Number of protein chains: 2
Amino acid sequence: MHVTGHTTSGSDADPHPGQQKAASIRDVAQAAGVSYQTVSRVINGHPNVREETRRRVQAAIETLGFRRNATAFALASGVTRSVTVLTTNTVLHGYAATLQGLEEASRAAGYPLGVRVVTPEDDLDRTIAAAADTGGGLVVIGFDRVGAAALDRVPAHVPCAAVVEAPPPGRTPDRPAVWADDREAARAATAHLLALGHDTVHYVAIPASTGTRRSAGPRAEGWRQALEAAGVVPPAPSGKGWDAQAGYDAGKKLARNQDVTAILCGNDDLALGVLRALHHAGRRVPEDVSVIGFDDAPHSAFITPSLTTVRMDFQGLGRAAFGLLRTQLDTDQQAPAPVPAEPALILRESSGPRQSSGPRDT
Amino acid sequence: MHVTGHTTSGSDADPHPGQQKAASIRDVAQAAGVSYQTVSRVINGHPNVREETRRRVQAAIETLGFRRNATAFALASGVTRSVTVLTTNTVLHGYAATLQGLEEASRAAGYPLGVRVVTPEDDLDRTIAAAADTGGGLVVIGFDRVGAAALDRVPAHVPCAAVVEAPPPGRTPDRPAVWADDREAARAATAHLLALGHDTVHYVAIPASTGTRRSAGPRAEGWRQALEAAGVVPPAPSGKGWDAQAGYDAGKKLARNQDVTAILCGNDDLALGVLRALHHAGRRVPEDVSVIGFDDAPHSAFITPSLTTVRMDFQGLGRAAFGLLRTQLDTDQQAPAPVPAEPALILRESSGPRQSSGPRDT
DNA sequence: GCCCACGTTGTGACCGCTCACAATCCTCGC
DNA sequence: GCGAGGATTGTGAGCGGTCACAACGTGGGC
C-alpha cells in the first residue's frame with residue numbers, strides 16, 4: 001500500500017477552542033487597544049509610532065500569532081512579490097540547473113517562486129496570461145523553440161526576463177535577457193579538437209530554438225565557424241533530440257564512418273549516447289574517436305571515459321535572470337546584478353590527439 | 001556581454017492609449033449595461049442568467065480583455081487554488097522527477113505550483129509559515145532528514161501531503177503521504193545478487209531521513225533483511241552523501257577488498273561513483289564485481305557498463321501526492337487517485353553471476 | 001501665555017471580487 | 001385578469017489589508 005488517508009482534522013475538543021481563524025490586524029488592534037491603522041504601521045516599520053505603543057502591538061502580534069495576509073496585502077497595495085518561471089522542461093540538466101539558480105535567487109530575495117511547464121500543445125497566450133495573473137513577474141527559459149515562442153508572446157506590460165541561447169552577434173533581444181556565450185565556447189571546443197590533429201569535427205546537435213536561420217543555434221554556429229576558419233567544409237550535423245537515446249542514434253551512424261575521429265555534441269546527454277554507440281561499434285574513446293560534450297552535467301566527470309565538455313554556469317544564468325526581473329519589479333531596490341561565469345572547456349578523458357595510425361579494422 | 005537592459009516600456013504613443021489598467025468586473029458591467037454582480041455570475045457560470053444577458057456580458061469581456069483578478073478572488077472567496085512544494089533539492093533525480101510529476105498533476109488540475117527549497121540553516125517554522133500563507137496547500141518531499149523534519153512541523157490546520165520513504169512496516173505516517181516500497185525493492189535486489197552466487201552484498205547508503213532508528217532507512221533495511229534471511233551477517237554500510245563523488249569515495253575502499261563481489265547502492269549517482277572507483281582499481285564490472293543502483297536515472301541505461309538498477313516511479317509519486325492534497329483542498333472534487341508503479345528491478349550489464357575463479361591480482 | 005509645527009493616532013474610502021439578501025421581472029394557473 | 005412563485009437582476013456588506021486625510025495631543029519659539 002502506498003497511500004495513507006488523511007488524519008481527521010482534529011475533533012473540536014481542542015485545547016484552544018477558538019484557534020480556528022487566523023488573526024487579522026483588527027484582532028491585533030483590539031488586543032493591543034489601538035486602531036488597526038496603528039497595527040499596520042507597526043508591521044510595516046513606519047517611523048512615527050511611539051515606542052511603548054509599538055511594544056504593545058508587537059506583544060499582541062506574538063500572542064495571537066498574527067501573520068499579515070499575503071493575499072490582502074497584494075490586493076490592497078498592488079504589489080505582488082512573486083516570480084513565475086515558464087519552461088518546457090524541469091529535469092534536463094540545463095533547465096534544472098537554471099531553475100535551481102532562479103530558486104536560490106528568488107528565495108534569497110524573499111520572492112515566492114512558481115513553475116509552469118509549457119508544452120507544444122498549450123495555447124501559449126492562455127498559458128502566459130494564466131502565469132501572469134498570478135501576479136508578479138515572469139522568467140522565461142527560452143532554450144528551445146517552444147520556450148522562445150512563449151517569450152515572444154509575453155505582453156509588453158508584463159514584467160519579464162528571459163534566459164536564452166546566445167543571440168546572433170550584434171543583435172540583442174528586445175526583451176531583458178541573459179545568456180552565455182556558447183557560440184564562442186563551441187568555436188573554442190571545435191578549435192581545440194582541430195588543434196589536436198583531427199581533420200574535421202562532426203556535430204551532434206540539440207534541437208534549435210529558432211527555426212528560420214540556416215544555422216541550428218549558436219552552438220552549431222560556433223562549430224561551423226571554427227571549421228570554416230580552418231578551411232574545412234563542415235559535415236552535415238546530425239541529432240534529433242535532447243537525450244542519450246538521440247545521441248545513441250546519431251552516434252551509431254557516425255561510428256560506421258571510419259573517417260570520423262572527433263565529435264562535438266550539443267549536450268552531455270547526447271555525448272553519453274554517442275559514447276555508448278562508439279563502444280558498441282568497437283571504436284575506442286579517445287584513441288579512435290574524441291568526444292566533447294556540452295553543459296558539464298554532474299555525472300559527466302564520473303562516466304568512463306570521463307567526458308571532456310563545456311561547463312556552463314546555468315545556475316548563474318538563473319540568478320542573473322532573476323536579478324534582471326527584480327529591477328523591473330522593485331523600482332528602487334537596485335541589487336548588484338550577479339554575473340554568470342563564462343563557459344569553460346573542461347578537458348577530461350574523452351578527447352585526445354588524433355592517432356597517426358590509419359583507420360583500423362572494425 | 002551577457003545581459004541586455006530593459007526595453008523602455010513603450011512610449012505613450014500607443015495605438016490604444018488607455019490600455020494601462022486591467023479591466024475589472026465593474027468596467028465590464030458598465031460596458032454591458034448590467035450590474036457587476038451579473039458579470040460575476042457570468043464568469044462563474046451561475047445558472048440563473050438570461051441567455052441574452054450572458055452573451056452581452058461575454059462580448060464585453062472579450063472586448064475589454066477582462067481576466068478575473070486572482071488576488072481579489074482569493075481574498076473574497078477564501079479559496080486559494082495553489083500548491084507549494086517544500087523540498088531540499090530540485091536537481092537530484094528522485095527529487096527532480098517527483099517535482100516533475102507534481103508539476104504535471106497540478107498543471108492538469110489548474111493549480112499554480114510553487115517551489116521552495118529548504119536548507120538545514122532555515123528556520124523551519126518560519127519557512128513553512130511563509131510557504132503556507134501563500135495560500136493553498138503544501139506538498140513536502142521528505143526523502144531526507146531536513147525534508148522529514150519540515151513535514152513534522154507543518155501545523156495541523158495546513159492542508160498538506162507528503163512523499164516519503166517507505167515507513168516501517170505496520171506504521172503509517174500521521175500525515176497523508178505516498179511512498180514506494182523501496183524496502184521490498186532493496187530486499188529483492190539484494191536477493192537477486194545472492195541468487196547469482198555472491199556470498200554477501202555490500203551497501204553504499206544514501207543519507208537517512210530518520211536518525212533515531214538503528215537502520216539507515218528502508219533501502220538499508222531491505223538489504224539487511226535479505227542478507228539476514230540468507231543467514232549472512234550484513235557488512236557495515238558505507239557512503240556519506242548523495243552524489244557520484246560520495247559513491248567514488250565509498251567505492252575506493254570497497255575496491256581494495258577482494259572479497260567484495262557485489263555492491264548495492266542507495267542511488268544511481270552513488271553507483272556511478274562506485275563504478276568509477278572499481279574501474280580505477282582495475283576491477284571489472286560485472287566480471288569481478290556486480291553493482292546495482294537505485295532509481296533508474298535517465299543516464300543509467302547509457303553508461304558503460306549499463307547499470308542494473310531499481311526503477312522508481314517518482315513521477316507517479318508526485319502525481320499521487322498532488323491527488324492526495326487535492327482531496328483536502330477541493331472537498332467535492334473526488335479525483336480518481338492515481339497509483340504509482342511498483343519499483344522494478346531492471347537488469348542490465350553491471351550485474352552478473354559470481355565468477356567461480358578466485359580473486360585475481362590487481 | 002498663545003500659536004503653530006510636529007509627532008502620534010484614528011477615521012474613511014478603496015483594492016476587485018464574493019457572499020447574502022432584497023428588488024424586480026416574468027410566467028403560469030385559476 | 002390577478003396573485004404566487006420562480007427566474008433574473010441589483011444592492012449592501014465584507015474579505016484583510018493599504019492609502020489619504022483629519023484629529024488629536026505635545027512641545028518650543030515669540
Side-chain angles (χ1 to χ4, degrees), chain A residues 20-58 60-61 64-82 112 129-130 132-136 330-331, chain B residues 20-58 60-61 64-82 112 129-130 132-136 330-331:
Chain A
Q20 300 300 36
K21 201 163 195 177
S24 76
I25 52 168
R26 259 111 177 159
D27 301 324
V28 174
Q30 183 170 11
V34 296
S35 77
Y36 55 82
Q37 178 57 18
T38 300
V39 177
S40 175
R41 291 197 180 93
V42 169
I43 61 184
N44 290 310
H46 193 93
N48 288 346
V49 177
R50 204 196 318 163
E51 190 50 37
E52 194 242 316
T53 311
R54 179 185 308 279
R55 259 198 299 273
R56 203 142 36 90
V57 171
Q58 284 288 16
I61 287 177
L64 275 64
F66 167 82
R67 307 204 86 232
R68 174 227 257 149
N69 181 313
T71 305
F73 172 81
L75 179 60
S77 67
V79 176
T80 318
R81 296 178 121 247
S82 84
D133 64 30
T134 302
D330 269 355
T331 46
Chain B
Q20 300 299 35
K21 202 164 195 177
S24 75
I25 52 170
R26 256 114 179 159
D27 300 324
V28 175
Q30 184 170 9
V34 297
S35 77
Y36 55 83
Q37 178 57 20
T38 300
V39 177
S40 174
R41 290 198 180 92
V42 169
I43 62 184
N44 291 310
H46 192 93
N48 289 344
V49 177
R50 204 195 322 162
E51 190 50 37
E52 195 242 315
T53 311
R54 179 186 308 279
R55 260 198 297 273
R56 205 142 36 91
V57 171
Q58 285 288 13
I61 287 177
L64 275 64
F66 168 82
R67 306 205 87 232
R68 173 226 257 152
N69 181 313
T71 305
F73 172 82
L75 179 60
S77 68
V79 175
T80 320
R81 295 180 119 244
S82 85
D133 63 31
T134 303
D330 268 355
T331 46

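To find a chain, count down the sequence lines: A is the first, B the second, and so on, and within it residues start at 1. Given the structure is predicted, the values throughout are model-derived calculations rather than measurements. Worth knowing before you read on, the calculation uses all heavy atoms, side chains too, and leaves out hydrogens, waters and symmetry mates.
With rounding to whole Å, A:R67 atom CZ is found 11 Å from D:dG17 atom P. Rounded to a whole Å, the OH atom of A:Y36 is 11 Å from the P atom of D:dT18. The CD atom of A:E51 sits 14 Å away from the C1' atom of C:dG7 (whole-angstrom rounding). Between the NE2 atom of A:H46 and the P atom of D:dT18 there is a distance of 12 Å, given to the nearest Å. One atom, CD1 of A:I43, and another, C1' of D:dC19, lie 14 Å apart when rounded to the nearest Å. For the pair A:R81 CZ and D:dT18 C1', the computed distance is 16 Å after rounding to whole Å. One atom, CG of A:N69, and another, C1' of D:dG17, lie 7 Å apart when rounded to the nearest Å. What separates CD of B:E52 from P of D:dT8 is a distance of 12 Å, to the nearest Å.
Among the atoms of the strands shown, only primed sugar atoms or phosphate atoms (P, OP1, OP2) are found under 4.0 Å from some heavy atom of B:R68. Counting any heavy atom pair closer than 4.0 Å across all strands shown, B:T53 reaches sugar-phosphate atoms only and no base atom. Residue B:R54 is classed as having no contact, given no heavy-atom separation below 4.0 Å to the nucleic acid.
Across every non-hydrogen atom of A:R54 and A:H46, the tightest pair is NH2-O, 3.2 Å. Nearest heavy atoms, B:T80 versus B:T134: CG2-O, 3.9 Å. Taking all atoms of both residues into account, the shortest heavy-atom contact from B:V28 to B:L64 is N-CD2, 4.0 Å.
Checked by distance alone, A:R41 brings no side-chain donor or acceptor within 3.5 Å of a matching partner on the base of C:dT8. Side chain B:Q37 to base C:dC17: no donor-acceptor pair is found below 3.5 Å.
The phosphate of C:dG10 (OP1 or OP2) has a side-chain N or O of A:S35 nearer than 4.0 angstrom. Contact between the side-chain N/O atoms of B:N48 and the OP1/OP2 oxygens of D:dG6 is not found at any separation under 4.0 Å. Residue B:R50 has no polar side-chain atom (N or O) positioned under 4.0 Å from OP1 or OP2 of D:dA7. The side chain of B:T38 contributes no N or O atom lying less than 4.0 Å from OP1 or OP2 of D:dT9.
Both B:P47 and B:A76 lie close to DNA chain D; mapped to their nearest nucleotides by heavy-atom distance, the more 5′-ward contact belongs to B:P47. Projected onto DNA chain D by closest heavy-atom contact, B:L75 and B:V49 fall at different nucleotides, the more 5' of which corresponds to B:V49.
When the nucleotides C:dG10, D:dT18, C:dT18 are ranked by their closest atom to the side chain of A:V34, C:dG10 comes out on top.
Residues B:D330 and B:R81 are paired through a salt bridge, judged by an N-O separation under 4.0 Å between the basic side chain and the carboxylate.
Side-chain atoms of B:R26 do not come within 3.5 Å of backbone N or O of B:Y36 as any donor-acceptor pair.
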